Amino acid sequence: MQILVVEDETRISDFLARALRAEGMCVSMADDGPEGLALAVAHPFDLVILDLMLPTLNGLEVVRQIHAHKPDLPVLILSARSDLETKLRGFALGADDYLAKPFSLDELLARVRVQGRRRHRGDDGDILRAGALVLDQARREARIGEHANRLTDGEFRLLHHLLEHAGEVISRERLLADVWGYDFDPRSNVVDVSIRRLRCKLGPEAPIETVRNVGYRLVAA
Ligand code: CA
């Protein structure tokens with residue numbers, strides 16, 4: 001995880017940096033609002049840990065501007081101000097979490113990990129692509145351009161398998177075994193039926209090719 005710590009008290013930022021690095025995270029530091037904002041916007045961080053009482057530019061304003069530039073970048077506010085109003089303002093401006101100072105290191109690390117996992121799920125790790133085809137694994141949805149469709153469990157696993165082997169010819173037997181877990185039964189037409197339904201859902205540009213007498217191939221580009 002790449003983490004940006006924006007904190008003007010070096011005692012706290014040094015402590016945080018040491019603790020986060022000990023957990024294997026990469027840490028960058030800024031000691032005022034404008035510098036923190038500039039770094040957050042310019043570099044691909046997974047999380048910003050942000051103090052609110054900062055010189056030059058108030059932390060809440062930093063949250064607002066980070067959110068305006070990078071709505072998906074999580075911000076964890078770490079502040080001595082624990083009043084509800086400030087907290088709510090922080091959340092309203094786009095913060096994802098709020099921890100009051102003094103804080104326990106274990107709790108901070110736990111919350112950092114939660115943000116990391118959340119970020120990872122929302123990442124491109126959940127998206128598989130081949131040419132114009134996009135498979136959103138979290139939503140079990142396949143998309144080509146504006147054409148989006150929810151997939152059944154079987155359709156999803158079939159398309160996922162084809163995408164993971166994009167460009168390869170995959171036999172019906174192998175699809176049956178790998179996707180449905182059946183031993184090959186030459187009478188089963190579950191593969192062909194599922195392919196037909198998938199093509200129908202993906203629309204006229206479905207990139208699934210029939211390779212005669214063998215099986216199917218997902219065209220990669
Ligand atoms: Ca401060």
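Both counts, for ligands and for their atoms, begin at 1 and track the order of listing. Both backbone and side-chain heavy atoms feed into the values below; hydrogens, waters and symmetry mates do not. All values derive from a computational prediction rather than experimental measurement.
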Inset, instruction - For the Ca ion (ligand 1), decide whether E9 has an N, O or S atom at a distance under 3.0 Å. - result: no
Inset, instruction - Answer yes or no for M53: is there an N/O/S atom below the 3.0 Å cut-off from the Ca ion (ligand 1)? - result: yes
Inset, instruction - Using salt bridge (charged side-chain N to carboxylate O under 4.0 Å, His left out) as the criterion, list what pairs up with E35, not counting sequence neighbours. - result: none
Inset, instruction - Output yes if E7 passes the N/O/S-under-3.0 Å test against the Ca ion (ligand 1); output no otherwise. - result: no
Inset, instruction - Return yes if some donor-acceptor pair links the side-chain N/O of D96 with the main-chain N/O of L76 below 3.5 Å, else return no. - result: no
Inset, instruction - Provide the atom name of the closest N, O or S atom of D51 relative to the Ca ion (ligand 1). - result: OD2
Cut-off 3.5 Å, no hydrogens considered: what does the side-chain donor-acceptor table look like for residues 15-25, sequence neighbours left out?
unit_1 : atom_1 : unit_2 : atom_2 : d
R21    : NH2    : V27    : O      : 3.0
E23    : OE1    : R113   : NH2    : 2.9

Inset, instruction - Flag the pair H161 / L175 as yes when at least one side-chain heavy-atom distance between them is below 4.5 Å, and no otherwise. - result: yes
Legend entry - Smallest separation among heavy atoms of S28 and F45, with atom names: OG-CE2, 3.6 Å
Legend entry - Residue D8 atom name (nearest to the Ca ion (ligand 1); N/O/S): OD1
